[in-house]
Amino acid sequence: MKKLLALTLAAMLVLCITACDLHKYNVEIANDYPIANTLKASYKSGEEITVKLETITEHYYVLLVNGVRQEQDRAASDMMFTYFTFIMPAEDVLIEIEDRWVDIPEAPQQ
């Protein structure tokens, strides 16, 4: 009887752990900002997500995940694309992308 109870509890524990792992959280990009790669609509907690944006001269991006600023993945970024990578939290995510333009002053007149 004790073995049956222990086996039943162990099976319930395994089901509970795997059921928690199956839950996916939604990803939304604010204002349908155009990105260079395709993201899935949902991810499991702990998955790595990469946002790929076109590199623009005299410009940089600010990327926020649920209001928290993310650092650019400088090792992956190049003259063609700018990358941001983050780990999916255990909650729905709103990605906000802001454009920041750089003013380059004109050369002084001689």
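Excluded from the calculations below are hydrogen atoms, water molecules and symmetry mates; all remaining heavy atoms, backbone and side chain alike, are included. Each residue takes its place number in the sequence, starting with 1.
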Should Met88 and Val68 be counted in the same cluster of Ile, Leu, Val, Met, Phe, Trp and Tyr side chains packed under 4.5 Å apart? no
Indicate yes or no for a side-chain donor-acceptor contact from Glu96 to the backbone of Leu94 under 3.5 Å, with no hydrogens or angles considered. no
OH (Tyr61) and CD (Gln72) are apart, to the nearest 0.5 Å, by 10.0 Å
Quick one: are Phe86 and Ile95 in side-chain contact, heavy atoms under 4.5 Å? yes
Trp101 and Ile97: same hydrophobic cluster, using ILVMFWY side-chain contacts below 4.5 Å? yes
Gln70 and Val65 have their tightest heavy-atom pair at CG-CG2, 3.5 Å
Identify whether Tyr60 and Leu64 are in the same connected component of the hydrophobic contact network (ILVMFWY, side-chain heavy atoms under 4.5 Å). yes
Suppose the criterion is salt bridge (charged side-chain N to carboxylate O under 4.0 Å, His left out): which pairs have a residue in residues 49-74, not counting sequence neighbours? none
Heavy-atom count around Asp78 CG within 6.0 Å, excluding the residue itself: above 12? yes
Can you check whether Asn26 reaches Glu28 side chain to side chain, under 4.5 Å on heavy atoms? no
Dump the intermediate steps for side-chain contact (heavy atoms from CB on, under 4.5 Å) on Leu39 and Ile29, then the final yes or no. CA-CA 10 Å; Leu39 298 181; Ile29 298 179; 4.0 Å; yes
With side-chain hydrogen bond (donor to acceptor under 3.5 Å, both in side chains) as the test, would you mind laying out the steps for Tyr33 and Asp99 before giving the verdict? CA-CA 10 Å; Tyr33 194 98; Asp99 293 301; 2.5 Å; yes
According to a hydrophobic-cluster definition based on side-chain heavy atoms being under 4.5 Å apart (Ile, Leu, Val, Met, Phe, Trp, Tyr only), do Tyr83 and Val27 belong together? no
Residue pair Tyr43 / Lys24, side-chain heavy-atom distance below 4.5 Å: no
Measuring from Phe81:CZ to Thr50:OG1, what's the distance to the nearest 0.5 Å? 13.5 Å
Please check if the side chain of Thr55 supplies one atom and the backbone of Thr82 the other of a donor-acceptor pair under 3.5 Å. yes
Qualifying residue, where the test is side-chain contact (heavy atoms from CB on, under 4.5 Å) with Pro89 and the options are Asp92, Val93, Ile87: Val93
Are any of the side-chain heavy atoms of Ile49 and Phe84 separated by less than 4.5 Å? no
Tell me, please, which residues at least two apart from Ala41 pass side chain to side chain contact (heavy atoms under 4.5 Å, CB included). none
Heavy-atom side-chain proximity of Ser42 to Tyr25 below 4.5 angstrom: no
